[in-house]
Peer 1: 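Let me give you the structure first, and then I'll get to my questions.
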Amino acid sequence: MKPSLGNLSRSFSRLKKNLIIAIDGPSASGKSTVAHLLAKKLGYLYLDTGAMYRALTLKALKNKIDIEDEDALYQLAETTKISLKQNPDFTKVKVYLDGEDVTSQIRSRLVNKWVSPISTVKKLREKMVEQQREIAKGRGVVAEGRDMGTVVFPQAEVKIFLVASIKERIHRRWKEYQQRGISCSEKEIEKEIQRRDQIDSQREVSPLRKAEDAIIIDNTNFGISETLQKIWEIVEKKVK
Ligand code: DC
């Protein structure tokens with residue numbers, strides 16, 4: 001029998017403790033959907049760190065900052081206020097950049113193109129990591145990104161490394177673009193994903209990497225509730 005989200009909800013409500021659940025993995029591996037749902041089920045904060053890098057990238061593009069200029073990017077990170085606001089019912093998370101709602105702007109193809117190179121900058125990452133730890137202080141968090149388990153929250157009680165085949169990831173991104181009315185061929189998406197994988201996993205600072213104590217979940221053939229069920233089994237084992 002496939003797990004249903006309803007059955008899972010009853011188990012989730014038993015978890016009272018404030019944990020840090022770190023979910024890392026490459027683009028389009030399904031992290032956002034499950035991390036958001038899991039946070040909602042647990043009543044935890046959903047910390048979408050990719051959204052923070054995206055918001056900063058959007059500002060850098062708007063201000064025409066040279067992406068080679070590390071000091072300018074650091075200055076930018078220092079003087080920018082990024083906030084993630086969760087609805088009281090945990091259904092939506094909005095991203096604010098200096099008070100402006102940029103939730104959809106940060107998902108544009110232009111931001112998709114530049115976010116990986118900008119995220120390689122060491123000083124900028126230091127600032128982001130500081131903010132991410134501050135946001136998570138003293139609360140239950142589902143944190144999603146590339147370096148959650150390795151760098152930002154090495155003490156996280158649960159670490160998941162979520163992967164899926166390249167074909168499946170291309171298909172998921174293509175479906176997402178279709179739903180948002182963005183026209184793009186699968187070939188173009190393949191190039192976009194491969195380029196991001198390469199930059200994210202080969203950069204010097206905090207590359208995309210599985211933490212030693214993280215558990216790999218390959219969700220190529222899983223639906224959302226099956227992936228959530230797998231993560232839940234890992235969480236339950238950890239808190240027993
Ligand atoms: O998860 P995402 O696709 O929204 O992330 C966008 C980019 O942000 C990703 O290609 C690399 C960067 N990123 C990062 O370097 N570290 C994180 N913790 C999260 C995202």
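Order of listing sets the numbers, starting from 1, for every ligand and every atom in it.
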Peer 1: Check for a donor-acceptor pair, side chain of Thr49 on one end and backbone N or O of Glu144 on the other, with a separation under 3.5 Å.
Peer 2: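 Yes: the side chain of Thr49 pairs with the backbone of Glu144.
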Peer 1: Could you tell me if any non-hydrogen atom of Arg203 lies under 4.0 Å from any atom of ligand 1?
Peer 2: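 Arg203 counts as a contact of ligand 1 under the 4.0 Å cut-off.
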Peer 1: With side-chain hydrogen bond (donor to acceptor under 3.5 Å, both in side chains) as the test, pick out the partner of Asp147 among Arg209, Arg125, Gln132.
Peer 2: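 Of the listed options, the one satisfying the test is Arg125.
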Peer 1: Side-chain contact, heavy-atom cut-off 4.5 Å: Lys81 with Leu97?
Peer 2: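 Lys81 does not reach Leu97 side chain to side chain.
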Peer 1: Of the protein's non-hydrogen atoms, which lies at the shortest distance from atom 10 (O) of ligand 1, and what is that distance?
Peer 2: Asp200 OD2, 2.8 Å
Peer 1: Is the shortest distance from a heavy atom of Met148 to ligand 1 less than 4.0 Å?
Peer 2: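 Yes, Met148 has a heavy atom closer than 4.0 Å to ligand 1.
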Peer 1: How far is atom 3 (O) of ligand 1 from its nearest protein heavy atom, and which residue and atom is that?
Peer 2: Arg196 NH2, 2.5 Å
Peer 1: Considering only non-hydrogen protein atoms, determine which one is nearest to atom 20 (C) of ligand 1 and report residue, atom name and distance to 0.1 Å.
Peer 2: Gly50 CA, 3.5 Å
Peer 1: Examine the proximity of ligand 1 to Arg125 and report which part, side chain or backbone, both or neither, has a heavy atom under 4.0 Å away.
Peer 2: side chain
Peer 1: What I want to know is whether Ser116 and ligand 1 share at least one N or O pair that is separated by under 3.5 angstrom.
Peer 2: yes
Peer 1: How far apart are the C-alpha atoms of Glu78 and Tyr74, what are their side-chain angles, what is the distance that settles it, and do they pass the side chain to side chain donor-acceptor pair (under 3.5 Å) test?
Peer 2: CA-CA 6 Å; Glu78 231 190 12; Tyr74 176 72; 3.2 Å; yes
Peer 1: Between Arg173 (side chain) and Ile193 (backbone), is there a donor-acceptor pair under 3.5 Å?
Peer 2: no
Peer 1: What residue and heavy atom of the protein are closest to atom 8 (O) of ligand 1, and at what distance?
Peer 2: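 Going by distance alone, atom 8 (O) of ligand 1 is nearest to Val115 CG2, 3.5 Å.
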Peer 1: To the nearest 0.1 Å, how far is atom 5 (O) of ligand 1 from its closest protein heavy atom, and which atom is that?
Peer 2: Arg146 NH2, 3.5 Å
Peer 1: So, does Asn63 use its side chain to make a donor-acceptor pair with the main chain of Ile65 at under 3.5 Å?
Peer 2: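 No: the side chain of Asn63 does not pair with the backbone of Ile65.
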Peer 1: May I ask you to identify the nearest protein heavy atom to atom 18 (N) of ligand 1, giving residue, atom name and distance to one decimal place in Å?
Peer 2: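 For atom 18 (N) of ligand 1, the nearest protein heavy atom is Asp147 OD1, 2.8 Å.
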Peer 1: Can you find a pair of side-chain heavy atoms, one from Gln86 and one from Leu45, that are under 4.5 Å apart?
Peer 2: yes
Peer 1: Looking at Arg54, which atoms of ligand 1 are within less than 4.0 Å of one of its heavy atoms?
Peer 2: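 Those atoms are 2 (P), 3 (O), 4 (O), 6 (C).
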Peer 1: Return the residue, atom name and 0.1 Å-rounded distance of the protein heavy atom closest to atom 19 (C) of ligand 1.
Peer 2: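 The closest heavy atom on the protein side is Thr49 OG1, 3.4 Å.
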Peer 1: Tell me whether Trp114 shares a hydrophobic cluster with Val205, the cluster being built from Ile, Leu, Val, Met, Phe, Trp, Tyr side chains joined at under 4.5 Å.
Peer 2: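 In one cluster with Trp114: Val205, no.
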Peer 1: Is there side-chain contact between Asp200 and Pro207, with heavy atoms separated by less than 4.5 Å?
Peer 2: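 Side chain of Asp200 against side chain of Pro207, heavy atoms only: no contact under 4.5 Å found.
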Peer 1: For ligand 1, which atoms have a heavy atom of Ser119 less than 4.0 angstrom away?
Peer 2: 8 (O), 12 (C), 15 (O)
